[in-house]
Structure formats: structure tokens, C-alpha cells
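Lettering follows sequence order; numbering is per chain, from 1. What you see is a predicted model; the values in this text were computed from it and never measured.
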Amino acid sequence: MIRRLMTLGAAAGFAISLSACASTNMEARVVGDRPMDLSTTEASLWYQTDQAEERLRASGRTVEDPALNAFVHGLICEISGPFCADLRLYVVDTPDFNASMAPNGMAVVNTGLLIRAETVDELAFVLGHEFVHFEENHFLERHAAIRNANITSSILGSALAAAGGGAFTSLTSLAAYSGAANFSQDQESEADSKGLDYAVAAGYSATAGAEIWSHFLAELSASDLDAVRNRRGGGILGTHPHIERRIEDLTAQAETLPSPEQDQASYRALIRPHLHTWLADHVVRQDHGATLVLIDRLSEQGTDLGVLLNARGRVLVLRGDEGDTEEALETFQTAATHDDAPADVWRSMAEIHRQAGRHADAAAAFQSYLDRAPDARDRALIESLIIDLTGTSS
Amino acid sequence: MKQYLALALAAISVSACAVVPQTAPAGILETEGDFSVTLERDWSRWPSQINADTTGEFITQDGVLLNRVHLVSIPDEGSLVRPRRGVEMPIYSEGASEFEVIEFVTSSLEMIGYHDVEAADIRPVDLDDQRGLRFALTGVWQNGLRVRGDVATLPHDDQLDVVLFMAPELHYYDALSAEVDGIIASINHGAD
């Protein structure tokens with residue numbers, strides 16, 4: 001038995017030694033970097049990201065708001081300094097909380113990040129985080145780590161099987177891939193730490209990093225979906241550290257760094273033209289718990305309440321739990337008292353009245369909707385509903 | 001020799017399971033749903049088994065990427081998007097309002113690769129002597145191609161009958177739009 005264990009140990013040690021020969025460490029990039037040897041894996045990955053960038057350009061999914069694009073690009077340049085000319089910004093219309101900077105310089109900022117950030121400082125932290133991934137070539141290093149995990153898993157599995165330890169091969173795979181996942185978690189921690197330093201160096205608040213992660217954690221925790229709640233991170237095969245640990249680390253780091261006062265109002269003014277549309281993208285996902293947390297947090301500023309309460313009412317209508325319809329009606333009624341309330345508020349109130357059999361109230365609310373949106377795309381339908389409800393045309 | 005024969009028989013049996021596009025000849029087409037439509041000419045029919053993303057079947061003239069008329073009856077608590085594990089789907093509920101039906105269709109299309117999908121020209125319509133809904137669609141396919149469409153929905157028993165036409169805005173939509181109007185107008189449930 002001892003002899004067999006020694007054989008297995010030798011096989012494992014041999015395989016691990018072999019895999020260690022393949023380094024994952026890449027040097028930090030220099031300005032204007034581009035692989036010249038087209039036969040390398042690095043060049044292949046650049047080519048693939050070039051292709052992805054072409055597809056993104058053609059997709060029509062980018063937000064064409066010159067002021068917004070100019071602002072975010074300017075922020076990227078503040079963070080990245082001399083690398084500014086290497087980075088090309090795309091604001092992508094998707095509610096996922098994410099941003100990325102690919103090896104070829106394609107910088108993607110999702111609208112799902114822009115709506116969740118409450119200040120420029122929070123956005124600067126995330127861009128700093130992504131810039132560290134770019135500057136340190138983490139994408140390429142991660143690719144190398146996964147490649148090594150594949151090799152290690154194969155060699156170790158074969159060696160153990162040859163030594164009579166076939167039953168252990170799945171454990172060796174687990175060990176190899178958890179090593180790659182740990183590597184990825186280390187990169188994320190490094191990007192958090194250095195990214196915060198970059199944001200602070202550009203004049204932004206050091207507390208912003210922990211704050212945006214705290215907001216997002218609250219949202220994930222309130223999600224109706226197991227898969228979303230599980231994104232809080234960690235675990236043996238998780239590629240990102242647990243968010244609570246990231247918040248602790250960033251909070252500790254911020255204690256020694258300057259934290260100037262943050263300006264929520266100017267940032268909200270930047271995203272205000274898109275708030276209604278971006279919220280609608282969240283509402284239709286029907287992750288009611290997470291969306292309500294997001295809306296309620298954005299409402300704490302006390303502005304844009306017509307738009308925000310309209311979104312809140314729609315979530316309640318879609319959720320349809322006991323008492324939701326009544327609360328939705330009250331929410332829409334409150335929204336209607338704010339100048340920025342979209343016309344949809346009156347249509348939603350009309351729908352609730354109609355379903356409750358309050359025909360006169362429904363007809364009046366539909367008419368208010370048409371008064372506020374005379375070119376509504378559903379005008380013919382609404383006019384028909386008013387006739388059904390009242391027996392007369394509007 | 002017996003082994004080869006057994007293998008050949010097995011291969012033939014497996015191949016018999018394969019579903020391929022068929023011809024839908026001009027005339028009355030009994031859909032996989034609970035209604036029929038009338039076609040002016042022959043169409044290519046793509047049964048639901050080869051439709052990876054959505055429930056129901058397509059008919060097409062030039063291939064499903066260039067034009068498609070989706071024909072489907074969606075049951076109460078059913079979806080237009082083919083269910084996927086762990087993914088929340090837009091669900092149709094019997095008694096849904098007109099606005100919920102529109103959102104059901106547009107958000108379903110957003111889930112299968114279209115984006116910026118918007119409904120327009122929303123209007124009530126009588127189909128097969130019942131009150132239904134018609135609206136136009138605009139959107140962008142995932143490769144950036146701008147598309148247009150027309151939708152007719154008709155609640156029937158506890159189901160929602162849907163005729164959904166989508167085609168690239170350039171040329172293909174206009175080329176078939178009038179013919180699809182005729183298909184929609186021909187929705188028939190037979191003798192209930």
C-alpha cells in the first residue's frame with residue numbers, strides 16, 4: 001500500500017513539475033503595444049478581440065450619446081494616462097453590471113454599470129479596476145492559466161491512471177482547475193487594489209470602491225433568482241473573490257487614502273436622459289427583488305422620482321403578489337405628482353382601474369395618457385378602449 | 001454480415017427521426033397550433049422540432065434569416081421562447097391585457113437575439129370574428145441588421161394565437177408585407 005502511494009505521489013509530483021514549466025506571468029504592457037509575431041497565442045487572442053470589436057461596432061447595441069461617450073472616454077483617459085490613445089470606448093446597451101478592457105484596447109462599459117454608479121468616483125473605481133486588467137495583461141495570463149490547468153489535468157490524470165490511481169483522476173482535475181480559479185481571484189484582488197489607487201490618483205474618492213460593491217451586493221442578495229444570488233462570488237471554482245471580502249479589503253485600503261466629497265447630482269444629470277429606458281431594461285428582466293433594491297437606492301437622492309416611481313410601479317404590477325396592485329396604484333399616483341413622470345404612468349393607472357372594473361376612472365386615466373402622449377403608438381388601441389369603457393369616443 | 005445489417009437498420013431508424021423543412025403548399029395550412037391560415041402560394045415550412053430558440057413553427061420564402069412567419073398557439077403559462085434551465089422566460093398568462101401581450105412579444109424577441117424591439121401602430125382588430133390585436137415591430141438583429149415585423153395576436157380558449165412576421169427592413173419586409181396581411185386575415189379556428 002505504501003509503495004503504491006509513493007508511486008502515486010511521484011506521478012503527481014512529476015505532472016505538477018511539468019505544468020509549472022509553462023509560465024503564466026506576462027510583463028505589464030507598454031504604450032502602443034501590439035504583438036508583432038503573428039504566430040503567437042497572444043496575436044491570436046488579439047485577432048479574436050479585433051473580430052469581436054468589429055461585431056460590436058456593427059451590432060447596433062452601442063449607445064450613441066456624444067456627451068455620455070465623451071465623458072466616459074475622458075474618465076478612462078484620466079485613469080489610464082498615456083494608454084488613453086490605445087483604448088477605444090463602447091457604451092453597450094445591456095443591463096448587466098459590467099465593464100471590460102480587452103487586450104486589443106476595446107473598452108466596453110455597460111449601461112448596467114452606468115445606472116448603478118451613483119457618482120463619477122464609483123465609475124472611476126470600476127474603470128481603474130478594468131484598466132489594471134488591461135495594463136497587467138491579465139486576460140492573456142488567465143488564458144495561459146486555463147491552458148496550464150488543461151495540461152496539468154490531462155498529465156496528472158494519465159500519470160495517476162498508469163500508477164493505478166484512476167479513481168483519483170477527477171480530483172486531480174478539480175485541483176488543477178481550482179488552481180486556475182484561484183489565479184483569477186488573485187487577479188481580481190490585484191485589479192481592485194491597484195484600480196482604487198489609480199482612481200484616487202486621478203482625484204476620486206477612495207471610499208467609492210467599497211460603496212459600489214456594497215450597492216451591488218445588496219442587489220444580488222435581494223434577487224429572486226438563485227443563479228443571480230450565487231454571483232456573490234467565492235467558492236473553490238469561483239473566478240471572482242467573494243464580494244464581501246472585496247468590500248472588506250477596499251474599505252481597509254481606503255482608510256489610508258483621501259476621500260473627497262462625492263457629487264451625486266452631476267453624475268445623475270449625465271445619465272438622466274437614459275434613466276427611463278435603462279430602468280425599463282431592468283424591469284422586463286422580472287428579477288423583481290433586485291430591481292426594487294436598485295430603484296429604491298436611486299430614489300434616495302430625491303430626484304427623478306416620476307421616472308423612478310413609474311419603474312417601481314411596473315415592477316409591482318409584474319410581480320403581482322398580494323397587495324402589489326394596490327401598492328402599484330399608490331406608487332403611480334405619487335409618480336404622477338412629479339413633473340418628470342412619463343405618460344406611461346397614466347396608462348398604467350388606467351390599466352389597474354380597468355382590471356378592477358372602475359370604468360370611469362380607467363377611461364379618465366387613458367384620456368390623460370393620450371393628452372400627454374398625443375402621438376402614442378397605441379393611440380388607436382387606447383381610443384378603442386375608451387369607447388369600450390364609456391360608450392363614447394374621446 | 002448480420003452485424004452490418006443490424007447497423008444499417010439502426011442508422012435508418014435514427015435518420016427517420018430527423019425533421020427537415022417541408023413544403024407548405026398554397027391553400028389552407030393547418031398549423032401546429034389551434035388555427036389554420038390560407039397561403040396564396042407555396043412556402044417552406046420549418047416545424048417546431050427544428051426551431052431551436054422559440055416554440056411553434058415558421059414558414060418562410062427565402063430562409064428564416066431573410067423572412068419568417070411564426071405561427072404558434074401559446075398556452076396559459078407558456079412561453080414563445082423555448083424554455084432554458086435557470087433562465088426566466090417571458091410567460092403568457094390567460095387574461096393578459098393588450099399591453100402585457102405586447103410586452104410579452106417584444107421581450108421574447110429581445111431574449112432570442114433582437115434588441116431595441118419596439119411596437120408601433122398598435123390597434124384592435126377583428127380576426128375570425130373575435131377581438132384580437134395587431135401591431136408593427138421594429139428592431140435590430142444581433143448582427144446589426146435592422147428588421148421590421150407585423151404581429152397579430154388572438155386570445156382563443158386559454159391560449160394566445162400568434163402570427164409573427166419578421167424580415168430585414170431593406171427589401172424583404174416590403175416584399176412580403178401585403179401577403180402576410182392576407183395570411184393574418186385568414187386566421188381560422190374552424191368549427192369550435
Fill in: Short side-chain donor-acceptor distance under 3.5 Å, A:Glu53 and A:Tyr90
yes

Worksheet entry | Engaged part of A:Asp93 at the chain B interface, taking heavy atoms whose separation is under 4.5 Å | side chain

Worksheet, complete the sentence: Under 4.5 Å to a heavy atom of chain B? For A:Ile382 that would be side chain

Practice prompt. Check whether B:Glu103 gets within reach of chain A through its side chain, its backbone, both or neither, counting any heavy atom under 4.5 Å.
Written response: side chain

Worksheet item: A:Asp50 and A:Asn104: side-chain donor and acceptor closer than 3.5 Å?
Response: yes

Worksheet item: Side chain, backbone, both or neither: which part of B:Phe135 has an atom under 4.5 Å from a heavy atom of chain A?
Response: neither

Worksheet item: In terms of heavy-atom proximity below 4.5 Å to chain A, should B:Ala136 be classed as side chain, backbone, both, or neither?
Response: neither

Discussion item. Please classify the contact between A:Arg57 and chain B as side chain, backbone, both or neither, with a heavy-atom cut-off of under 4.5 Å.
Written reply: neither

Discussion item. Distance alone, cut at 3.5 Å: any donor-acceptor contact between the side chains of B:Glu32 and B:Ser48?
Written reply: yes

Discussion item. I'd like to know if A:Asp287 and A:Arg285 make a salt bridge, using a cut-off of under 4.0 Å between side-chain N and carboxylate O.
Written reply: no

Worksheet item: If you count heavy-atom pairs under 4.5 Å between each of A:Ser384, A:Ala376, A:Ser59 and chain B, which one has the most?
Response: A:Ser59

Worksheet item: For B:His189 and B:Asp161, does a side-chain donor sit closer than 3.5 Å to a side-chain acceptor?
Response: yes

Item to complete: Check the side chains of B:Arg68 and B:Thr54 for a donor-acceptor pair under 3.5 angstrom, ignoring hydrogens and angles.
Response: no

Practice prompt. Among B:Met111, B:Glu118, B:Arg134, single out the residue with the greatest number of heavy-atom pairs under 4.5 Å to chain A.
Written response: B:Glu118

